[in-house]
Number of protein chains: 2
Amino acid sequence: MPKEARPGSGEQAKQYALERLRKAILQGEMAPAQRLVENELAESYGVTRASMRAALLDLTSEGLVERIRNRGSRVRVVTVEEAVEITECRMALEGLCAAKAATEATDAQLDELAGLGKAMSKAVADGDPVTYSELNHDLHALIRDISGQHTAVGLLERLNAQLVRHRFQLALRPGRPQQSLSEHLALIEAIRARDPQAAETAVRAHLSSVIDALRAD
Amino acid sequence: MPKEARPGSGEQAKQYALERLRKAILQGEMAPAQRLVENELAESYGVTRASMRAALLDLTSEGLVERIRNRGSRVRVVTVEEAVEITECRMALEGLCAAKAATEATDAQLDELAGLGKAMSKAVADGDPVTYSELNHDLHALIRDISGQHTAVGLLERLNAQLVRHRFQLALRPGRPQQSLSEHLALIEAIRARDPQAAETAVRAHLSSVIDALRAD
DNA sequence: GCGAACAGAATTGTCAACGATTCTGTTTTC
DNA sequence: GAAAACAGAATCGTTGACAATTCTGTTCGC
């Protein structure tokens with residue numbers, strides 16, 4: 001039986017490298033536009049270059065990494081205009097998910113939503129933007145999950161991955177959590193009322209305010 | 001200078017194999033769920049197995065091919081439910097594009113739209129569903145183009161690729177082109193009137209009728 | 001006869017070395 | 001002194017062979 005901690009090669013190695021690098025990029029450990037050299041990364045993660053290469057190709061098709069022929073890979077930088085465009089797509093797709101969620105949710109799921117709402121209110125009251133940001137993410141994920149829209153969920157996950165840097169900056173802006181909170185509570189209420197139209201409107205209103213905030217950079 | 005006809009290997013070879021295989025799948029030359037053996041394909045396209053393999057990986061991330069570890073690749077079959085889900089996503093994203101197109105279009109582009117509308121009317125009057133289907137595709141592409149929404153366009157192209165088989169079946173259904181035509185003309189008029197709200201509504205109405213048709217399989 | 005174990009074939013997955021391309025700093029030429 | 005030419009280094013791209021896995025048809029035990 002192979003040691004399972006960190007397989008030096010093979011499919012598992014690729015997955016391992018993929019997830020570690022993705023996490024590193026998402027958590028901002030890699031400077032924007034930083035060069036990603038296959039050999040260095042492979043060595044530092046303890047995998048072969050082939051595995052690392054495959055991981056980089058995957059991240060490229062996820063839109064997190066940019067690669068130029070014979071010049072290597074770099075972490076992709078998302079401009080503000082791109083972030084706005086991406087958020088507009090989220091508006092459309094999350095609107096769809098929210099509307100579906102409003103008609104499809106079970107009672108247990110509605111309770112879960114209410115719980116998240118309370119937790120978010122508390123985080124804002126406590127002045128804890130980091131926790132709030134995490135709960136925010138959880139809420140959107142839960143709604144996507146309830147909607148049961150596999151295709152939309154897949155697209156949204158790709159889109160969200162590209163926004164982490166901007167999202168992070170946004171959450172720390174003073175006053176932002178308060179506005180965001182009230183929009184989210186409205187969304188939760190709309191779904192709990194099983195009103196798809198209102199849910200979609202609430203999502204769009206929320207993301208519209210996100211776009212305004214993005215543009216105010 | 002390398003001969004440009006059909007390089008046996010390298011990046012160009014991958015692109016060549018990629019496009020030929022994609023075309024073959026989209027045109028239905030590959031039976032649904034047909035096995036795609038790397039060696040066979042590589043030989044028949046005159047490229048190395050490595051290039052073929054890379055092409056298959058690309059198609060996998062486009063959602064056209066399914067691959068199972070150590071078992072090979074097969075053309076992915078899209079069930080009716082999936083087709084519905086995908087069309088719901090298109091509804092959201094094309095709605096966004098249509099609304100943007102209504103506000104962003106230049107006069108020249110509006111004329112182009114009108115021209116396409118006339119051509120589509122003619123194709124229906126002539127009872128030519130194949131031409132109509134192509135014009136249909138052109139219309140959606142033009143609207144996406146006008147919208148200038150890079151991100152949404154990218155997502156939509158991926159989604160559309162997965163639907164070709166269903167789309168094809170749909171176009172040949174008696175009576176379908178007539179209904180489709182009137183919906184498209186309404187959409188064109190809404191954009192020409194520079195009315196984003198009406199344009200989005202028209203797109204949604206159209207795709208909603210596509211969903212009904214899909215479900216009536 | 002029927003299911004389990006087993007060898008052989010087919011297919012994909014992985015690797016390490018080699019080849020090609022691009023960048024960088026230096027030299028040469030005008 | 002500036003632009004062009006060039007060599008050297010760094011890095012990615014490709015190849016062909018080998019290893020690992022899965023499938024298939026056959027045999028064996030009951």
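All of these numbers come straight from a predicted model, not from anything done at the bench. Letters A, B, ... are given to chains in the order of the sequence lines, protein chains preceding strands, and every chain is numbered from 1.
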Is B:E85 salt-bridged to A:K100, going by a charged N under 4.0 Å from an acidic O?
no
B:I68 CD1 to C:dA10 P: how many Å, rounded?
21 Å
Without hydrogens or angle criteria, can the side chains of B:E19 and B:Q15 be said to hold a donor-acceptor pair below 3.5 Å?
no
I'd like to know if the side chain of B:Y45 pairs up with that of B:S51 as donor and acceptor (distance under 3.5 Å, no hydrogens or angles considered).
no
Output the rounded distance in Å from NZ (A:K14) to P (C:dT14).
8 Å
Mark yes or no for a side-chain to base donor-acceptor pair under 3.5 Å between B:R67 and C:dG13, with no hydrogen or angle criteria applied.
no
Atom CZ of A:R35 to atom P of D:dC12: distance rounded to whole Å?
6 Å
Mind calculating the distance between CG (A:L56) and P (D:dT11) to the nearest angstrom?
14 Å
Rounded to whole Å, how long is the line connecting atom CD of A:E38 with atom P of C:dA16?
15 Å
Taking C:dT11, C:dG13, D:dC12 as options, the one with an atom nearest any side-chain atom of A:R49 is D:dC12
Once you round it to whole Å, what is the distance between P of D:dC12 and CG of A:N39?
7 Å
Atom-pair distance (CG on A:L41; C1' on D:dT11), nearest Å
13 Å
Can you name the ring-ring contact (aromatic ring centres under 6.0 Å, His included) partners of A:H166, sequence neighbours left out?
none
For atom CD of B:E43 and atom P of C:dT12, their distance in whole Å:
13 Å
Hydrogens and angles aside, do B:R176 and B:S209 bring a side-chain donor and acceptor to less than 3.5 Å of each other?
yes
Enumerate, atom names and distances included, each donor-acceptor pair closer than 3.5 Å involving a side-chain atom of residues 107-115 of chain A, sequence neighbours excluded.
residue	atom	partner	partner atom	Å
A:D107	OD1	A:R194	NH2	2.8
A:Q109	OE1	A:T106	N	3.0
A:Q109	OE1	A:T106	OG1	3.4

Expected output is a numbered-order residue list: members of residues 69-77 of chain A with a heavy atom under 4.0 Å from any atom of DNA chain C. What is it?
A:N70, A:R71
